[in-house]
Structures are given as structure tokens and as C-alpha cells.
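What follows is a set of notes on a single structure, which appears directly below.
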Amino acid sequence: MSTQRVHLSIESKLDHVSLIGVLVRALATQLGYGNMDSFQIELAVVEAVNNSIEHSYLGEPNKKVDVSLAIGEGNFVLTIADDGIPMPSKVLAESDESASSDDFPEGGRGLDIIRQVMDSVTYERGSRNSLHLIKRLPSH
Amino acid sequence: MSTQRVHLSIESKLDHVSLIGVLVRALATQLGYGNMDSFQIELAVVEAVNNSIEHSYLGEPNKKVDVSLAIGEGNFVLTIADDGIPMPSKVLAESDESASSDDFPEGGRGLDIIRQVMDSVTYERGSRNSLHLIKRLPSH
Amino acid sequence: MKTETNRVGQTTVIKLLERRLGADKAGEFKAEIGKYVEAGETKIVLDLAELSFMDSSGLGALVSVLKMIGKRGDLTIAGTQATVQTLFRLTRMDKVFRSFPTVSEAVQALTPQDTLKG
Amino acid sequence: MKTETNRVGQTTVIKLLERRLGADKAGEFKAEIGKYVEAGETKIVLDLAELSFMDSSGLGALVSVLKMIGKRGDLTIAGTQATVQTLFRLTRMDKVFRSFPTVSEAVQALTPQDTLKG
Ligand SMILES: Nc1ncnc2c1ncn2[C@@H]1O[C@H](COP(=O)(O)OP(=O)(O)O)[C@@H](O)[C@H]1O
Ligand SMILES: Nc1ncnc2c1ncn2[C@@H]1O[C@H](COP(=O)(O)OP(=O)(O)O)[C@@H](O)[C@H]1O
């Protein structure tokens with residue numbers, strides 16, 4: 001079976017993000033992931049899309065966030081792409097421990113979650129910004 | 001609540017169509033449609049995407065089929081769009097009764113299914129071909 | 001195309017071990033089931049219990065298998081989920097394919113005493 | 001933001017009647033629950049049984065409510081689905097928010113005798 005691919009996209013408004021979440025979680029379940037993994041995959045993609053909207057586009061609507069899904073070679077690969085301000089290079093590398101002097105910050109947890117639930121997380125700056133998330137497919 | 005929108009797209013290969021089907025059915029279920037309706041909505045969108053690939057693009061790969069989903073104002077609106085050969089104008093209007101002299105044809109049932117399961121079916125030729133399918137959202 | 005085949009008397013019971021039968025798999029399905037018809041099996045039960053989705057192309061493949069069998073035998077269907085069964089109803093193919101809840105009923109429908117009724 | 005509120009002794013039990021608490025709803029949630037804190041309610045149980053999804057922004061809203069309450073009272077959580085509970089674990093917020101399977105346990109945890117233990 002060759003790699004199967006589908007592309008999702010939404011306008012950069014937080015209102016639309018839940019649709020991406022619902023779709024990705026349902027696909028994960030269909031791919032054989034358990035409830036827990038499917039939830040965590042939804043969580044990771046929602047965090048990434050929220051970041052594109054809030055940080056790359058600074059909340060500006062009418063921009064486009066793309067989520068490409070590829071299933072093949074034992075991996076579920078999710079790529080979240082935008083055309084906004086790239087993530088600063090050190091942000092992805094550092095753990096959230098150092099992120100805030102506040103004991104209980106209200107934000108700053110998204111990337112840490114993504115790193116924890118995914119098997120691989122890479123980021124590409126270029127003509128577009130692309131965050132690549134990889135999760136091993138469940139074994140049959 | 002304003003209209004929520006998400007766009008899906010695949011390359012024009014039959015291999016990818018099931019992903020669209022799975023995603024749309026899962027979303028339908030989440031929107032509150034019963035099992036039967038969710039299956040039939042999946043069926044309609046899969047028939048429409050298959051038609052774009054097989055008839056509009058004549059099976060040529062590397063083309064794009066778009067499926068836009070909009071939820072709002074009491075309707076679930078699915079738009080299937082391609083840039084291939086448009087559907088002949090009379091095809092959508094006629095019922096499949098007249099379609100074949102063969103009692104048990106192997107094809108020719110897709111559009112009739114779509115018409116039966118959807119509340120509204122319209123087709124637009126233009127710079128692109130767009131098939132608009134509307135299903136009333138389930139009442140709460 | 002994953003299948004599991006059993007013989008019950010004169011009948012070949014083919015269980016489809018797939019969740020989907022769409023346009024991408026219709027050709028493969030036709031070829032796979034066609035092999036049995038070519039090998040002389042003309043009483044076939046298709047167990048579709050695993051299927052959660054079938055489209056008109058999948059149904060077209062079933063029609064083509066039925067035509068291959070022709071007057072030499074028959075094909076019945078077992079175990080379709082209620083959702084998949086609506087595809088038969090929407091296309092009026094429920095008048096053409098006899099469908100039964102269980103494999104044993106579908107086998108029963110192909111045994112000689114039944115041909116009197118059928 | 002749909003909620004349903006009950007009073008049990010000194011405790012306000014707020015049941016969230018939403019399936020998702022994401023970035024799009026976090027502000028609304030904070031405002032809605034914040035109203036109770038501003039009105040002087042400082043023992044709050046949040047019943048999250050209906051939630052099938054929450055993200056870090058939803059969690060941030062919970063943190064902000066907890067901060068509003070501050071030293072004047074406490075907030076406990078009831079009924080989280082196992083999936084949603086992992087969000088607390090992944091962010092180590094399970095050390096900050098006490099979470100209980102049922103509303104009555106969450107209420108119990110806020111009653112005076114318990115403050116000795118807590
Ligand atoms: N897509 C992005 N583009 C630009 N900056 C980003 C992006 N994602 C994250 N960042 C930066 O990294 C920080 C940490 O992100 P995250 O862990 O997701 O927490 P939060 O979004 O709650 O602040 C953000 O506050 C922001 O400064
Ligand atoms: N998107 C399309 N573009 C061009 N022609 C189409 C399209 N969809 C359908 N058609 C025409 O209408 C006919 C009937 O379509 P349909 O009912 O879906 O059955 P089938 O695809 O099995 O032939 C097709 O055979 C084709 O000639």
C-alpha cells in the first residue's frame with residue numbers, strides 16, 4: 001500500500017480549529033490508535049494550529065493554515081504549515097521548564113505537549129513554516 | 001455561532017478517496033447525525049469524488065479534488081470541486097432509470113445515490129466545476 | 001484484498017476481511033471472487049459482515065460477479081451492516097441480491113430444497 | 001458557554017455542558033467561571049464529565065480561575081474522562097488541580113474536615 005495523503009486547511013480563526021481536531025482524532029481512531037493516543041494526536045495538532053493562528057499570524061484572520069496528513073511506511077505524519085512569522089529558532093528546542101518565572105503560567109505549554117506526545121517533531125522555515133509531527137502507526 | 005469551515009483536498013487518485021470518506025463520516029457523526037445518515041453522507045461525498053477522478057480527470061493523477069465542508073445556518077454543505085471536464089448538463093437532471101438498456105449495469109448509480117441521500121444537489125460549471133451537496137443538520 | 005474461504009456442502013462461503021469496498025478496490029475484488037467462479041464454483045455466499053463502507057463501484061463489482069455466475073448458480077449475501085444494506089436499497093439492488101443476517105441462512109438459501117421456492 | 005450550577009453546602013458545583021474547551025472558548029470560560037469567584041464563591045467544583053477535549057488554552061483558563069480564587073478558597077475537578085486527564089498529567093497540572101472521579105468526592109475534598117489533611 002502506497003502512502004495515502006489528504007490535505008486539510010482552515011482560515012486562521014480559532015473558531016475553525018475544532019473541525020481540524022475532530023477530523024484528525026477520528027482518522028487516528030480509524031487508523032487503529034487507541035482512545036488515548038487519538039486524543040493526544042488531536043491535542044498535538046490543535047496546539048500546533050493554535051500556535052500558527054496566535055503566534056505566526058498574530059490573530060489576523062483570512063490567512064490560511066494547512067494540515068497535511070500522510071499515512072504510510074509505518075508512520076502517521078502531520079504537517080502544520082503557515083505563511084506567517086516563523087517560530088524563533090530556540091523556542092522549539094527548549095523545554096518549558098525555563099519558559100516562565102511564574103509557577104503557574106496560563107500559557108506556554110503547547111510545544112511541550114507536542115514534544116511529549118509525538119515520536120518526532122521538526123520545524124522548517126522557508127517560503128513557508130512547516131511543523132512536521134510523526135507518530136508511529138499502531139502495530140496490528 | 002458563525003459558520004465553521006474546513007477544506008479537504010486530495011490528489012486525483014482513487015487510493016486517497018477513502019480518507020475523505022472516513023473524515024466526512026466522522027465529522028457527520030460528531031455533528032449529531034445518526035449512523036445511517038453519516039454513512040449516506042460519506043457515500044454521497046465518495047461518489048462525487050470518484051466521479052471527479054474518473055470522469056472529470058479521466059483517471060489522470062496529479063490533479064486536485066477539493067472537498068469543502070461548511071456547517072452553519074442549519075445546514076451541512078459539502079462542495080466537491082475539480083478543474084477537469086465538466087459534467088454534461090443533462091446528466092445531473094435525469095434519473096438513472098433511463099441510463100442504461102442493461103438490466104443490471106455495473107455502473108451509473110452514483111449520481112442517483114447522491115440525489116437520494118442529499119436534501120439539495122446543485123452543480124456549477126465555471127472556472128471550476130463545483131457540486132454542492134446540502135444536508136439539513138440534525139435537530140437537537 | 002483479504003478473504004477467508006470455507007466450503008459448506010456445495011457452497012463456497014467467502015468472507016471479505018476488509019472494512020471498505022470502494023472504487024479503489026472494486027477491480028481487485030472482482031478478480032478475486034471471479035477466480036472462484038472461473039474455477040467452477042457457482043454457489044457463493046459473500047460474507048460482508050466486516051464491511052463498514054461500500055460505494056456504487058463496489059456494488060458494481062458484485063453485479064459483475066453475479067453476471068459471471070449467470071444461470072449456472074447463484075450468489076447470496078450475508079451479514080451486511082444496516083448502513084451498507086441501505087446502499088442495496090438506494091440502488092434497488094436489494095431486489096437482485098438476496099441478503100441474510102447470517103451465513104447459515106445465506107447458505108440455506110442456496111441449497112437445493114430452496115430452489116423450489118426461489 | 002453552557003453550564004449548570006448547583007450549591008452543595010458551602011460549595012458551588014459548576015457542570016460544564018460543553019464537549020470541547022479549546023482556545024476559541026477559553027476566554028468565555030474564564031469569564032463565566034470568574035463571575036462566581038467575583039460573586040464571592042471560593043469553593044468551586046468543576047464537573048468536566050461532558051468534556052471530550054481540552055487543550056492547553058482551556059487548561060490556562062482553569063489556571064487563571066484558580067489564581068483568581070487564590071488563598072481564599074479552592075477549586076477541585078470532577079469527572080474528567082481519562083483522555084482529558086492526560087492533559088493534566090502531560091503538563092504536570094495534576095499536581096496543582098485535585099481531580100476526582102465523582103462530584104461528591106470533589107465536594108468532600110473541599111469540606112472543612114478535609115482542609116486539615118490537605
Ligand atoms: N507557530 C509559531 N510561530 C511563532 N511563534 C511561535 C509559534 N509557536 C510557538 N511560538 C512561540 O513559542 C511560545 C511557546 O509556545 P507554546 O508552548 O505553544 O505556548 P503558548 O502558545 O501557550 O504561548 C509562544 O508563546 C510563542 O512565542
Ligand atoms: N464529475 C463528472 N464529470 C464529468 N462527467 C461526469 C461526472 N460525474 C458523472 N459524470 C457522467 O455521468 C455519468 C453517470 O455518473 P454516475 O451516476 O456517478 O455513475 P458512474 O460514475 O458509475 O458512471 C458518468 O458515467 C459520466 O458520464
Side-chain angles (χ1 to χ4, degrees), chain A residues 10-26 28-29 33-57 59 61 65 80 95-97 99-100 102-118, chain D residues 1-2 16 18-31 33-34 37 48-71 73-77 79-99:
Chain A
I10 56 168
E11 203 200 301
S12 53
K13 286 178 69 178
L14 293 175
D15 288 353
H16 301 314
V17 179
S18 68
L19 288 180
I20 296 278
V22 167
L23 292 171
V24 166
R25 185 180 193 161
T29 300
Y33 291 103
N35 263 345
M36 225 50 143
D37 277 343
S38 297
F39 169 81
Q40 294 186 355
I41 293 168
E42 171 175 17
L43 183 57
V45 79
V46 164
E47 295 292 344
V49 174
N50 285 344
N51 280 349
S52 287
I53 295 174
E54 296 178 326
H55 305 305
S56 291
Y57 291 130
V65 182
I80 296 87
S95 132
D96 79 333
E97 309 284 347
S100 172
D102 185 342
D103 268 358
F104 304 124
E106 287 171 40
R109 299 186 177 88
L111 287 168
D112 191 51
I113 290 171
I114 295 171
R115 274 188 299 255
Q116 286 187 66
V117 306
M118 287 289 158
Chain D
M1 184 72 33
K2 282 186 226 144
L16 190 60
E18 301 275 340
R19 287 196 298 187
R20 304 181 62 90
L21 183 56
D24 53 336
K25 298 284 180 64
E28 211 184 311
F29 173 84
K30 201 163 123 176
I33 311 299
V37 183
L48 302 181
E50 297 287 308
L51 270 194
S52 67
F53 183 78
M54 173 157 59
D55 65 15
S56 73
S57 305
L59 187 64
L62 254 69
V63 169
S64 106
V65 171
L66 193 67
K67 285 180 172 176
M68 285 173 76
I69 297 175
K71 295 211 150 76
D74 201 3
L75 175 147
T76 56
I77 288 169
T80 50
Q81 295 174 18
T83 44
V84 170
Q85 191 57 35
T86 59
L87 173 65
F88 289 86
R89 211 157 41 238
L90 287 166
T91 55
R92 292 175 299 282
M93 285 295 109
D94 54 345
K95 306 274 181 275
V96 176
F97 292 96
R98 288 186 295 162
S99 186

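Proteins get letters first, then strands, A, B, ... in listed order; numbering begins at 1 in each.
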If I measure from the heavy atoms of chain D, does A:Glu47 come under 4.5 Å with its side chain, its backbone, both, or neither?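 For A:Glu47, the contact with chain D is made by the side chain alone.
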
What part of A:Ile113 lies closer than 4.5 angstrom to a heavy atom of chain D: side chain, backbone, both or neither?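 Looking at A:Ile113, just its side chain touches chain D.
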
Residues in side-chain hydrogen bond (donor to acceptor under 3.5 Å, both in side chains) contact with A:Asp37, at least two apart in sequence or another chain: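 With sequence neighbours excluded, A:Asp37 shows a side-chain hydrogen bond (donor to acceptor under 3.5 Å, both in side chains) to no residue whatsoever.
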
Do the side chains of A:Val22 and A:Leu19 get nearer than 4.5 Å, heavy atoms only?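 No, side chains not in contact.
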
Would you find a donor on one side and an acceptor on the other, under 3.5 Å apart, between the side chain of [X] and the backbone of [Y]?
X	Y	answer
D:Glu18	D:Leu51	no
D:Thr91	D:Phe88	yes
D:Asp24	A:Val17	no

Where does [X] contact chain A at under 4.5 Å (heavy atoms): side chain, backbone, both or neither?
X	answer
D:Met93	side chain
D:Lys30	side chain
D:Thr86	side chain

Based on non-hydrogen pairs under 4.5 Å, which of [options] is most in contact with chain A?
options	answer
D:Val96, D:Leu66, D:Val84, D:Leu90	D:Leu90
D:Ser52, D:Ser57, D:Ser56	D:Ser56
D:Ala61, D:Ala82, D:Gly60, D:Gly22	D:Gly60

All ring-ring contact (aromatic ring centres under 6.0 Å, His included) counterparts of A:Phe39, not counting sequence neighbours: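 Partners of A:Phe39 under the ring-ring contact (aromatic ring centres under 6.0 Å, His included) test: D:Phe53.
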
